[in-house]
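A short worksheet on the structure shown next.
The analysis underlying the following values was restricted to heavy atoms, covering all of them including side chains, and did not include hydrogens, waters or symmetry mates. In what follows, chains carry the letters A, B, and so on, assigned in the order in which the sequence lines appear, proteins first and then strands, with residues in each chain numbered from 1.
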Amino acid sequence: MATAETRRLTAPDRLRRSLSNGRVSAALILLPPALILFTLFVMLPLGESVWYSFFSWNGYGTPTDYVGLENYQRIAGHSVFHTAVGNTLKIVAISILLQMPLALLLALLIYRKTPTNAVFRLIFFVPYILAEVAAGLIWSFVFDGNYGVTASIAQSLGTESFFILADRDWAFVAVMTVIVWKYFGFHMMIYIAALQSVPEDLIEAARIEGAKRRQIVRYVQIPHIKPAIIVSAFFAIIGALQVFDIIIPLTNGGPSNQTHTIVTYLYTFGLTRLNIGFGSAVGVILFIAAITVAVFYQRFFMQRGQA
Amino acid sequence: MAEVRLQNVEKAFGNLTVIPDMTLTVPDGSFTVLVGPSGCGKSTLLRIISGLEMPTKGEVLIGGQDVTLEEPSDRGISMVFQSYALYPHMTVAQNIDFGLRLAKTPAEERERRVAEAARILALEDFLDRKPAQLSGGQRQRVAIGRSIVRQPGVFLFDEPLSNLDAALRTQMRVELAQLHQSLDATMIYVTHDQVEAMTLADQIVVMNKGRIEQVGAPMDLYDHPETEFVAGFIGSPRMNLLPGSAIGREDVNTVGVRPEHIRADTADGDWPATAQVVETLGADTILYAKAERIGDVTVRLPGHMRLSAGEPLFLTPDPDYLHLFDEGGRRVNAA
Ligand SMILES: Nc1ncnc2c1ncn2[C@@H]1O[C@H](COP(=O)(O)OP(=O)(O)OP(=O)(O)O)[C@@H](O)[C@H]1O
Ligand SMILES: [Mg+2]
């Protein structure tokens, strides 16, 4: 059609278009269930927690003893909480600096589809499948200086047995070892899936151009799986904020409260001591931390058209 | 000097022998085209020359050197893949530069060579783009640019133009021919396309089931196919291969006659026939006819012939252009 002026698409045009192509109606149909579930299971409990966190309350009856921000002040001043936050940060650091490189290295070794690799993949993935509590129990046996594996090793070396989980300085190192052992398989699987999607042509082209194995990894494979690495780091950070059930059977936060994470801190000082108001305040802090991390992470790492 | 020689090369994958025993010389500076049906081992052969695959037996020599055990990067070759195989996270310039960077070429030299390649391939305006932001033809040029900056003695191409549309393919074909002239390197080129093979090659290698059927200049193969297979493979539309007994040549098994060497006439001729399908292509007309007692015959007629399906007519082959083959499909030279 030959009109004098070229037609421009205006905002109402676009609205009409999205109404007619069904996107709006899809949103109208699909959004309510998600919103209802989200409200019911996230927003309401969160609101309640915020509410409880202003009370000194043992969980029975209705909270009446309004204390304002006192719970938060107590948390802020509590040295065990500082240790717990520090431990959580240590887990983040060890996950990113040790666990992820280890997972990547193993993934690079076994990502190709061969029968032997399938066996190794399974072996490395077993710790992740195991229930956290079971893993904790297995390792508490390994670390046991009286009857466990450590005892046997010490005995055969003829040295005095040691109790790493009871050592103020080393207990958390042991805990982090178990965490790395437990979760590296998960990251490894993400990398394996990503590495399998790197076109073989690219690797062959690089070989022809003189790239050695290391250079292929560095210049072809890693850049190609960068989105997967970013996602796995995100899981590592969020996971670190949630570590709980592996610590309880291992150390239960001890010795002298040296191995708490934020969640075991919440559990120990909030729930087991019936300080529900206090525990709620820890929960609110944890929630804010998680949301902040998620939002910042999305914003800075996951949105720049990484594909 | 970068002559490529394969000496009794065998390649098997497990117990599937893809190339049983191949000996082939690709002369220095030649443009050699490998053609053959799908699955006959063309890509495998190219990959053996490149070093991406190891032969199970035999030797590969490049420029007189035995390179059978050398890494791909030490063979002085480069390869252009059908899929282009560009690194998606690098810019065009980085893609072209990659091999030079790995070889620790001095920065100045690298810049010069990348600029030169970009000029030859008209990529100057795209150097900062990522491959995803390029058209198919531009990507193909980047892939070629990446292979020329390393100044290899031998270029290997595996169906490099097959993902392009017809017009672009024609254009790139001309560019490749020019590139070959200006670079003076050996090029080995796999294709399915008859026209690419005929126009680009100074030597065509026709392969079938991992064996060489015939090696020769394009017009040699066209004029003197040594086997029935080559006769049927080279030329489009394909040569008519007719049973000797049906056309009064009991002395041979098969008589081949190209569609352009048959005359069609409505009044008289050797073989009475009926027109089945008529394709008018403009410059020529392709006639698919059914000849009595002989079978389907394809005829290429110049210009417009006013023929319609079902029309009776007569076909006459040109006796000077008959190709005779024995039971084994080998050429019989008329005494
Ligand atoms: N890595 C491999 N493992 C097993 N068989 C293979 C392998 N690579 C190729 N083949 C087999 O070798 C034969 C030749 O393959 P090749 O890719 O060389 O054929 P081609 O002539 O290039 O075919 P096309 O024209 O379709 O590209 C095929 O039968 C193929 O299945
Ligand atoms: Mg192929």
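- The parts of A/Glu204 that come within reach of chain B are both its backbone and its side chain, each placing non-hydrogen atoms under 4.5 angstrom from that chain.
- With a threshold of 4.5 angstrom between heavy atoms, B/Leu86 approaches chain A through N, CA, C or O but not through any side-chain atom.
- Between chain A and the options B/Arg75, B/Arg47, B/Gln82, B/Arg150, the largest number of non-hydrogen pairs under 4.5 Å is found for B/Arg150.
- In this structure, the portion of B/Phe81 lying under 4.5 Å from any heavy atom of chain A is its side chain and not its backbone.
- Residue-environment remark: CZ (B/Phe13) exceeds the threshold of 12 foreign heavy atoms within 6.0 Å.
- Each of B/Arg113, B/Arg146, B/Arg110 was checked for a side-chain hydrogen bond (donor to acceptor under 3.5 Å, both in side chains) with B/Asp97, and the lone residue meeting it is B/Arg110.
- Comparing B/Glu71, B/Met90, B/Arg101 by how many heavy-atom pairs each has under 4.5 Å with chain A, the most go to B/Arg101.
- Within a 6.0 Å radius of CD in B/Gln65, no more than 12 heavy atoms belonging to other residues, nucleotides or ligands are found.
- Between A/Glu132 and A/Tyr183 there is a side-chain heavy-atom pair separated by less than 4.5 Å.
- Taking the six-membered ring where the residue is Trp, the centroids of A/Phe235 and A/Phe186 are separated by under 6.0 Å.
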